[in-house]
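Submitted below is the structure of interest, expressed as structure tokens.
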Amino acid sequence: MPRARASRTAADLLVECLEAEGCDYVFSVPGEETMAVLDALSRSTAIRHVTTRHEQGAAFMADVHGRLTGRAAVAMATLGPGATNLMTGIADAYLDRAPMVAITGQAGSEVLHKEAHQVVDIVQMFKPITKWNTRVDHAEAIPEIVRKAFRTATLSKPGPTHIELPENVAAMVPAGGDAVRPLRPGKAYFPEPTEEAIAHAARLVAGSERPIVLAGNGVLRRAAAPALRALARGLHVPVAVTFMGKGAIDDRSHLSLMAVGLQARDHVLTGFDRADLVICVGYDLVEYAPKAWNPDGRKRILHIDTQPAEVDAAYQPEVELIGDIDGSLRRLLAAVLPLGISGRDAGERHEAKETLVNADLRLELLQDLAAGESDAGWPIKPQRALFDLRRAMAPEDIVVCDVGAHKIWVARLYQAYEPNTVIISNGFAAMGISLPGAIAAKLVHPDRKVVALCGDGGFLMNSQELETAKRIGADIVVVVWRDDGYGLIDWKQRNEFGKPFGVEFGNPDFVAYAESFGIAGFRPQSADDLYPTLMKALAVDGPGASVRRLTPCAGASAHRSTFSPSASRTIDGAGWSGVVHGSIDGRGGDGQTGPSRHLSPAGGLRRGPVNRSRQPT
């Protein structure tokens, strides 16, 4: 018989505090030690609870929600194994700088001093991967704890925080009764650099001859892409972005050098070799080590970010503009415009082709990217597949990319037009993020098309969230790049040891797998059939419409699948010309078995899709 509900408990107070913080979502797997919180959530009209099929999925959803919104959602789990299952997603948010709050249940505080069922010290375990965490020992402290957790999570650089709530504390009635109320959040504003700092930076830029901008995820976090584009256009300076900075500049702009950060040298790094000044904006060393583009440590560097530069032998900025990135960029542009760069304004620099871009780099890049856009070869090449996907997506539509060999292809070949439209985990770089991340992206932007791009390894790490997508009506599309193995490690093993080992595995029939979730499947019959198949999948209406396609990448197999929950489908067709293995059922793209073929990600990255339309930055 259900027990009578007590008066307002600590769990009720916790949910009231979440509401006060403007928390929209709690993602969780229910557990015994979180039942009081779940009961309180059941009465909330402001917070949507999303039940996931694995705690890692919950953490990734909160992680990507934070990256897209700048606000913290909650990932919740019970004690012990439930809490430890959150760790990968929390760590990803920590190194990808995404705000989120983790809440875990715990056994009653009366047993925490001794051995007890499922009890481990989660607070200590989470300490290295959170900005701040604590256990609630007294119900009256909940308002302060929740306020600090959300404030710390969202202040720069953002990241995860954690609250542990023992089940006996959750059931307590606060000693102060109804007088214990949530604390209301305020608004924190970033400072801006002094006039002296702006003038110093302006002299540095004006005195350079061949500056280049390196834009990172901080530009997107601080919504500073318009200011960055204005700076690049006003000074006629080329811009390269990190993987997580994609969208900071429109890749259709003649000033875009697209993404840098490959694990092999390419022609974008030639731009850094030529540059005499690197203007780093929102750049985070955790994503792309400076020794890759400044190996001798001699580059002059201007650092623009919300935080002082990390100490690194290859990253010693001459000037640092610390504070609001948007304001710093606008003021810097205004200060440099009267001076020009080496005495030349943007028009003169464009005519002289001194920006590194028009002379050869971007033209070479576009020629390389264009090489595969009409390739009708079978299996389908990554260049053709990404070109067709870009064609199928509107500028504001979102791609959430998983981690693996395909991440390199996406970072390099898939052009981003708007901020926060290509989500890549490249700090912690966690496999399995794309499907739960795409679900979160669709919840944040229900009016946009959302595609998850994942390898067959990463997809099966969290494929159970297909059921979540279908149940909650997340109309997403998932593309699975299949190579029947861990392709990136295969490639690296061949380079270093001459042979792969322990990297091959089998796969299910992805069409049947999709159908087992009530998701229909499609199978393109040729390279030319891929684009219309994508368009059909993206056009699916109905709750939970989600599409998955299986396509190998740089280390890829002979099959591609696409599926979609609800009114959904699966595409299973040709693979890529990367590492091509026979598929699990022994069929190549033409239904025949064949030998494996290998193409290194680095070597293959010089070809791919291109959008030749021109737009100002």
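No hydrogens, no waters, no symmetry mates; every other heavy atom, side chains included, goes into these values.
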task: Please report the shortest heavy-atom distance between Thr154 and Pro158, naming the atom on each side.
output: O-CB, 4.1 Å

message: I want to check something: taking the side chain as every heavy atom from C-beta on, are Asp447 and Glu396 in contact at a cut-off of under 4.5 Å?
response: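 No, side chains not in contact.
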
task: Verify, without hydrogens or angle tests, whether Glu287 (side chain) and Met244 (backbone) share a donor-acceptor contact under 3.5 angstrom.
output: yes

task: Hey, could you give me the CG/CZ distance between Leu255 and Arg233, rounded to the nearest 0.5 Å?
output: 9.0 Å

query: Between the main-chain N or O of Arg448 and the side-chain N or O of Lys442, is there a donor-acceptor pair closer than 3.5 Å?
result: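 Looks like yes, one N/O pair under 3.5 Å.
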
query: Does any N or O in the side chain of Arg97 come within less than 3.5 Å of the main-chain N or O of Arg221, such that one atom is a donor and the other an acceptor?
result: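 Pair absent, no side-chain N/O of Arg97 close to backbone of Arg221.
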
field: Atom of Ile129, atom of Pro160 and distance for their closest heavy-atom approach
entry: O-CG, 3.2 Å

Residue pair Ala98 / Arg67: nearest heavy atoms and the distance that separates them: CB-CG, 3.5 Å

Minimum heavy-atom distance Val101-Ala153, with the two atoms named: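 Closest heavy-atom pair between Val101 and Ala153: CG2-CB, 4.4 Å.
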
field: Residues, nucleotides or ligands: over 12 heavy atoms within 6.0 Å of Arg151 CZ
entry: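 No - once you tally the heavy atoms of other residues, nucleotides and ligands closer than 6.0 Å, there are 12 at most.
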
message: Taking the side chain as everything from C-beta on, heavy atoms only, tell me whether Phe27 gets closer than 4.5 Å to Pro436.
response: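 No - every pair of side-chain heavy atoms lies 4.5 Å or more apart.
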
query: How long is the span from the CE atom in Met431 to the OH atom in Tyr486, to the nearest 0.5 Å?
result: 5.5 Å

Asp326: side-chain contact (heavy atoms from CB on, under 4.5 Å) partners, not counting sequence neighbours: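 Per chain and number, Asp326 pairs via side-chain contact (heavy atoms from CB on, under 4.5 Å) with Ala224, Ala227, Asp324, Arg330.
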
message: Could you measure the distance from the CG atom of Asn217 to the CG atom of Asp96? Nearest 0.5 Å is fine.
response: 7.5 Å

message: Please identify which of these residues, Ile423, Ile90, Asp92, meets the side chain to side chain contact (heavy atoms under 4.5 Å, CB included) condition with Asp63.
response: Asp92

- request: Check for a donor-acceptor pair, side chain of Asp276 on one end and backbone N or O of Glu209 on the other, with a separation under 3.5 Å.
  value: yes

- prompt: His254 vs His236 aromatic rings, parallel, tilted or perpendicular, using cut-offs 30° and 60°?
  reply: tilted

- prompt: Do Phe60 and Leu435 have side-chain heavy atoms sitting under 4.5 Å apart?
  reply: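 The answer is no, as the side chains (C-beta and beyond) never meet within the 4.5 Å cut-off.
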
query: Given Asp305 and Lys157, is the side chain to side chain contact (heavy atoms under 4.5 Å, CB included) satisfied, shown in steps?
result: CA-CA 10 Å; Asp305 204 353; Lys157 290 181 178 180; 3.7 Å; yes

query: Between Val450 and Ala438, which heavy-atom pair has the shortest distance, and what is it?
result: CG1-O, 3.6 Å

query: Is the side chain of Arg229 donor-acceptor paired with the backbone N or O of Ala248 at a distance under 3.5 Å, no angle test?
result: yes

field: Heavy-atom check, side chain of His65 versus side chain of Tyr25, under 4.5 Å
entry: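 Side chain of His65 against side chain of Tyr25, heavy atoms only: contact under 4.5 Å found.
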
message: Determine whether a donor-acceptor pair (N or O, by modelled atom type, separation under 3.5 Å) exists between the side chain of Asn294 and the backbone of Lys299.
response: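 Present.
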
message: Taking the side chain as everything from C-beta on, heavy atoms only, tell me whether His303 gets closer than 4.5 Å to Ile322.
response: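 SC-SC contact between His303 and Ile322 confirmed.
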
task: Indicate the ring-plane relationship of Tyr283 and Trp293, choosing parallel, tilted or perpendicular according to the 30° and 60° boundaries.
output: perpendicular

field: Between CG on residue Leu530 and CG on residue Asp388, distance to nearest 0.5 Å
entry: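 Rounded to the nearest 0.5 Å, the CG-CG separation comes to 5.0 Å.
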
- prompt: NZ/Lys381 to CG/Asp375 distance, rounded to the nearest 0.5 angstrom?
  reply: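 Interatomic distance, Lys381 NZ to Asp375 CG, rounded to 0.5 Å: 3.5 Å.
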
field: Note, Ile145 side chain near Thr134 side chain (heavy atom, < 4.5 Å)
entry: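 When only atoms from C-beta onward are counted, Thr134 and Ile145 do touch, with a gap below 4.5 Å.
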
- prompt: Is there a side-chain contact between Val403 and Phe428 (heavy atoms, below 4.5 Å)?
  reply: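 In short, these two side chains do not touch, never coming nearer than 4.5 Å.
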
Closest approach of Ala392 to Met535 (non-hydrogen atoms, all atoms of both residues):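 Where Ala392 meets Met535 most closely, the heavy atoms are CB-SD, 3.6 Å.
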
message: Rounded to the nearest 0.5 Å, what separates atom OG in Ser208 from atom CD1 in Ile279?
response: 6.5 Å

Side-chain donor/acceptor of Lys246 to backbone N/O of Ile424, under 3.5 Å: no

- request: Check step by step if side chain to side chain contact (heavy atoms under 4.5 Å, CB included) holds for Ile325 and Val281.
  value: CA-CA 8 Å; Ile325 294 176; Val281 187; 3.7 Å; yes

field: Side-chain (Ser342) to main-chain (Arg344) donor-acceptor, under 3.5 angstrom
entry: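 Judged by distance alone, no pair lies under 3.5 Å.
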
- request: Take Val237 and Leu231 through the test side chain to side chain contact (heavy atoms under 4.5 Å, CB included) and record every step on the way to the result.
  value: CA-CA 8 Å; Val237 174; Leu231 178 88; over 6 Å; no

Donor-acceptor pair, side chain of Lys291 and main chain of Ala313, under 3.5 angstrom: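 Not confirmed, Lys291 side chain does not pair with Ala313 backbone.
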
- request: Using modelled atom types only, decide if a donor and an acceptor are shared between the side chain of Asp24 and the backbone of Ala73 within a distance under 3.5 Å.
  value: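 Not at all, since once roles are kept as given, no pair shorter than 3.5 Å links the two residues.
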
- prompt: Pick one: which of Val400, Asp402, Leu389 meets side chain to side chain contact (heavy atoms under 4.5 Å, CB included) with Leu453?
  reply: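 Of all the options given, the one that passes is Leu389.
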
message: Taking CD in Glu318 as the centre, count heavy atoms belonging to other residues, nucleotides or ligands within less than 6.0 Å. Is the count above 12?
response: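 Enclosed.
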
task: Check the pair Asp397, His445 against side chain to side chain contact (heavy atoms under 4.5 Å, CB included), reporting the backbone distance first and the verdict last.
output: CA-CA 9 Å; Asp397 291 338; His445 294 293; over 6 Å; no

query: Quick one: are Pro185 and Arg147 in side-chain contact, heavy atoms under 4.5 Å?
result: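 With C-beta onward as the side chain, the pair touches.
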
